[in-house]
Participant: 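I have a structure I would like to understand better, so I am pasting it below and will then ask my questions one at a time.
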Amino acid sequence: MQSKCPKCGKKLSIFYIKQTCNECGCDLLNYNREAELEKDAEKAEAEFAMLEKVIGKFKRNKK
């Protein structure tokens, strides 16, 4: 977790364990979760495409 709230910018202690910010009520664990999941999906697609390219080279050389 970051040392500040991503929404309001309030500085949080490194020992702050609550899920929500006391100042603005922002959910610290799920803030911007959708965008992060989309980035992960795009990265996974790119890695899978690269893997398919490598596997395709082995299949062509097998004949």
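Quick caveat: nothing in here was measured; it's all calculated off a predicted structure.
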Participant: When you compare the side chain of Lys10 with that of Asn22, does any pair of heavy atoms fall below 4.5 Å?
Facilitator: yes
Participant: Heavy atoms only: give me the nearest Pro6-Leu28 pair and the separation to one decimal.
Facilitator: CD-CD2, 3.7 Å
Participant: Apply side chain to side chain contact (heavy atoms under 4.5 Å, CB included) to the pair Cys8 and Cys21, showing each step before the final yes or no.
Facilitator: CA-CA 9 Å; Cys8 69; Cys21 174; 3.8 Å; yes
Participant: Taking ILVMFWY side chains as joined if any heavy atoms are under 4.5 angstrom apart, and letting links pass through other members, which residues group with Ile14?
Facilitator: Phe15
Participant: Assess the residue pair Cys26 and Thr20 against the criterion (side chain to side chain contact (heavy atoms under 4.5 Å, CB included)); give the C-alpha distance rounded to whole Å, side-chain angles, the decisive distance to 0.1 Å, and a yes or no.
Facilitator: CA-CA 5 Å; Cys26 173; Thr20 57; over 6 Å; no
Participant: Could you work out, with salt bridge (Lys or Arg N to Asp or Glu O under 4.0 Å) as the rule, every residue matching Glu36, not counting sequence neighbours?
Facilitator: Lys39
Participant: Do any pairs count as a side chain to side chain donor-acceptor pair (under 3.5 Å) and have a residue in residues 24-34, sequence neighbours left out, and if so which ones?
Facilitator: Gln19-Asp27, Asp27-Asn30, Asn30-Arg33
Participant: So, taking the atom named NZ in Lys11 and the one named OG in Ser3, what distance separates them when rounded to the nearest 0.5 Å?
Facilitator: 7.0 Å
